Participant: 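Here it is, the structure, as structure tokens.
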Amino acid sequence: MTKEMTGAEMIIQALIDQGVEHIFGYPGGAVLPIYDALFHQEKVRHVLVRHEQGAVHAAEGYARSTGKVGCVLVTSGPGATNAVTGLADALMDSIPIVCITGQVPTHLIGNDAFQECDTVGITRPCTKYNYLVKNIADLPRVLHEAFHVASSGRPGPVVIDVPKDIQFATGTYTRPKTFAHRGYVPKVKGDPERIQQAVAMMRNAKRPVFYTGGGVINSGRRASELLRELVRVTGFPITSTLMGLGAYPASGPQWLGMLGMHGTYEANFAMHECDLMICIGARFDDRITGRLDAFSPGSRKIHVDIDPSSINKNVKVDVPILGDCTLVLEEMLRLWTAQPGESDKPAHKAWWKKIEHWRARKCLAYKPSNEVIKPQYAIQRLYELTKDRDTYITTEVGQHQMWAAQFYGFEEPHRWMTSGGLGTMGYGIPAAVGVQLAHPGSLVIDIAGEASVLMTMQELSTAVQYRLPIKIFILNNHYMGMVRQWQELLHGGRYSQSYSEALPDFVKLAEAYHGVGMRCEKPADLDAAIKEMIAVDKPVIFDCVVDPAENCFPMIPSGRAHNEMLLGDAAENLDEAITEEGKMLV
Amino acid sequence: MMSTSPSTTSSSTSHYPSAHVAQAIETHTLAVIVDNEPGVLARVIGLFSGRGYNIESLTVSETEHQKHLSRITVVTRGTPMVIEQIKNQLDRMVPVHRVVDMTVTGRSIERELAMVKVRGKGDHRVEALRLADAFRARVIDATVESFVFEITGAAEKIDQFVALMLPLGLVEVSRTGIVAIARGPEGM
């Protein structure tokens, strides 16, 4: 369609043409024309957040749980700078976001005008791409291009900075058919020869392991289906990063649990001792590899990734395959089933026996208590009481996040929203708002910590306004738990500034926001309380008071390798030869 | 390749992996074709500064006016793994069309232009002129007590010329940085 309209109207029209139903934002002087254009239509629904950071996190939750592009609209200056944390978060976790920022009129740019900031300068390193639109003729192209850039290849956030005079200016709106940046052509189809080589290596592997990540989730539901099938037909064990949870079901027989710093003993040992690592859509992050020079020393490595800069960045791999997970997995599966050939069955049997031995250490075991709620127990109960429902989980960042990853079993992709790369405390509530909006009838729970949750608590007000019955399940241990844990293990127990002093009464806080507040302090009361929380059709803050001294194990300590994990006291000690002192370092 | 001494890493109180060490540092010249749009240079430079890569020299100018394409020639130093990263990081940027490693492709010619101002009288002045002639530098400005020479060549040749001018009254130098092109009939 070609039509004369103002810049502000073009923005709304482009959103409609892109199929956008919800946009998260906060008005201000430099975006008033866009808010006026929003007012005149009913196709795009605006969700008013309470802080621009919340707008981006909400859009992230929306995007991750639906696979669509999340949209944000904020004003110039502080509106844009407040959004920066969310943009950096989306960049690290490869979440497709289009963020429209207002800007002062073009003739005032550079004049230190009111609410002016160099938005494209500030957001350049924390976006996949950004635009400053100085000519109304460019606006339609830029709007559609932004959606393409955000959602194609390795997804990421894109900022469009639109000066106020451009919003008022009139121009011709058309939906462009071609893409102006001819240099931007993400490679999606993997090199067939490399895939062939990879499958041949898989056929000959004696101790193989799949190591998968968020790329499988980003690639779409089909990628998870293909992964499950490939894992089944090969019979190989599989582990995943924090971002990849749910691609393979936690109840699957070949599942080893999450790997990395707080990953399971069996997953990390399998990574350490494998002879073939098949990495799909993960990026060898430092929380995964531990000490690089001791990372999986005896293995050959296959790495499938859509981003060429993720390959050979931290770990040199033997077979790099540049492409989209879905297409590569499809080809791998086709070759594996089409080519007759026998895997080394006795070797696999011995490998699984070894893995069972590692599993038998029960690395996630903790000392149960009848007196105080153990945080692990709380997550376990939450899981048991919600697993048969249509449930989405978001988290904040810290111990509770790791416990959620360890103890909540994810069976499906797109059900787990967490800030992995940037590690943004305060992600959970706004992300839950976005998820609940996209899935109105579902149960959306933010597994939170009492410190994180206070960073974006104001978004509870958004949840109340839009009748989004999100459940904020706080594991309240009165500490910034992960900080306290590191201080205990690495800084001689000097708990510098990590105690959550002067906490609010979360029950009253919820009530003040017109939500529902609950508190639970005894293990015996927990089940009934969780059931009650689920039954409430309103936003809930659930203040679950847990053991303040509990640490998150297993843990790969400072600068150590995968086979140098710390285990909790409750884990099984199977090797008698290990001394008390050595136990801590196994 | 990486650190092999466990004592250096296991005693660290950081979980971050130790820095790469003891890999040979190489110098590479990269030719980068980009859309000539506002902020594209800032994007490229920001990548280098943000990720801690080195820039030894950088030149940029529009080379295809109708297509709005610019060519950036950047000389950088790093281990082979870092050089590979730099190329991949550049290549995935939206306005980047192509990245060619002129050092790997071998057969490339590198040139730099410098303008060198020398002030002096008597023997020094004569000597400067004589050396300039030997280096095929041209005089592009002259007063009774100074010359400005224009010299083109490989960076080492210019270094050498500048070093020779130093005792003869070198006042200042302005250099363009390296540009490079592949030999033979093929374009990049």
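Below, read A as the first sequence line, B as the second, and so on, with proteins coming before strands; counting in each chain starts at 1. The model shown is predicted, which means the values in this text are computed figures rather than measured ones.
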Participant: Does Arg141(A) have more than 12 heavy atoms from other residues, nucleotides or ligands lying within 6.0 Å of its CZ?
Facilitator: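 Check passes, neighbour count above 12.
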Participant: Suppose we screen for salt bridge (charged side-chain N to carboxylate O under 4.0 Å, His left out). Which residues come up paired with Glu62(B), at least two apart in sequence or across chains?
Facilitator: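 Checked Glu62(B) against salt bridge (charged side-chain N to carboxylate O under 4.0 Å, His left out); zero matches.
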Participant: Taking all atoms of both residues into account, what is the closest heavy-atom pair of Val94(B) and Val149(A), and its distance?
Facilitator: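 So the minimum-distance heavy-atom pair works out to CG2-CG1, 3.8 Å.
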Participant: Does anything in residues 125-136 of chain A form a side chain to side chain donor-acceptor pair (under 3.5 Å)? List the pairs, not counting sequence neighbours.
Facilitator: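 Residue pairs with at least one partner in residues 125-136 of chain A: Thr123(A)-Asn130(A), Lys128(A)-Tyr184(A), Tyr129(A)-His181(A), Tyr129(A)-Glu37(B), Asn130(A)-Arg43(B), Tyr131(A)-Glu145(A).
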Participant: Any chance NZ of Lys67(B) has more than 12 other-residue heavy atoms, nucleotides or ligands included, within less than 6.0 Å?
Facilitator: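 It does not: Lys67(B) NZ has 12 such atoms or fewer within range.
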Participant: Verify the neighbour count for atom CZ of Arg77(B): are there more than 12 heavy atoms of other residues, nucleotides or ligands below 6.0 Å?
Facilitator: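 Yes, the 6.0 Å shell around CZ holds more than 12 heavy atoms from other groups.
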Participant: Write down the atom of Asp307(A), the atom of Arg92(B), and the distance for their closest heavy-atom approach.
Facilitator: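 It is OD2-NH1, 2.7 Å.
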Participant: Measuring from Ile86(B):CD1 to Ser309(A):OG, what's the distance to the nearest 0.5 Å?
Facilitator: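 So the gap between those two atoms works out to 12.0 Å.
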Participant: At under 4.5 Å between heavy atoms, what parts of residues 150-162 of chain A are in contact with chain B? List them by residue number.
Facilitator: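 Residues in range: Arg154(A).
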Participant: Got a second to check how far Met81(B)'s CE is from Lys316(A)'s NZ, nearest 0.5 Å?
Facilitator: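 Answer rounded to 0.5 Å: 6.5 Å.
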Participant: Ignoring hydrogens, what is the shortest heavy-atom contact between Arg124(A) and Ala42(B)? Give both atom names and the distance.
Facilitator: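 Nearest pair, atom of Arg124(A) first, then Ala42(B): NH1-CB, 3.1 Å.
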Participant: For Lys117(B), look at atom NZ and say whether over 12 heavy atoms of other residues, nucleotides or ligands are found less than 6.0 Å away.
Facilitator: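 For Lys117(B), atom NZ is not crowded (no more than 12 foreign heavy atoms under 6.0 Å).
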Participant: Which of the residues Gly46(B), Pro95(B), Gly50(B) is involved in the greatest number of heavy-atom pairs with chain A at under 4.5 angstrom?
Facilitator: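 Ranked by contacts with chain A, first place is Pro95(B).
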Participant: Picking from Lys87(B), Gln85(B), Met93(B), Gln89(B), which has the most non-hydrogen pairs under 4.5 angstrom with chain A?
Facilitator: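 Top option by heavy-atom pairs under 4.5 Å: Gln85(B).
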Participant: Check whether Ile311(A) gets within reach of chain B through its side chain, its backbone, both or neither, counting any heavy atom under 4.5 Å.
Facilitator: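 For Ile311(A), backbone heavy atoms alone lie under 4.5 Å from chain B.
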Participant: List the residues meeting ring pair (Phe, Tyr, Trp, His ring centres under 6.0 Å) with Phe147(B), not counting sequence neighbours, and say none if there are none.
Facilitator: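 If we apply the ring pair (Phe, Tyr, Trp, His ring centres under 6.0 Å) test to Phe147(B), skipping adjacent residues, the hits are Phe149(B).
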Participant: Which region of Pro125(A), side chain (C-beta onward) or backbone (N, CA, C, O), has a non-hydrogen atom less than 4.5 Å from a non-hydrogen atom of chain B, or is it both or neither?
Facilitator: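 Looking at Pro125(A), nothing touches chain B.
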Participant: Counting heavy atoms not belonging to Leu41(B), are there more than 12 under 6.0 Å from its CG?
Facilitator: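 Yes - once you tally the heavy atoms of other residues, nucleotides and ligands closer than 6.0 Å, there are more than 12.
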Participant: Rounded to the nearest 0.5 Å, how far apart are NZ of Lys313(A) and CG of Asn88(B)?
Facilitator: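 Separation between the atoms: 10.5 Å.
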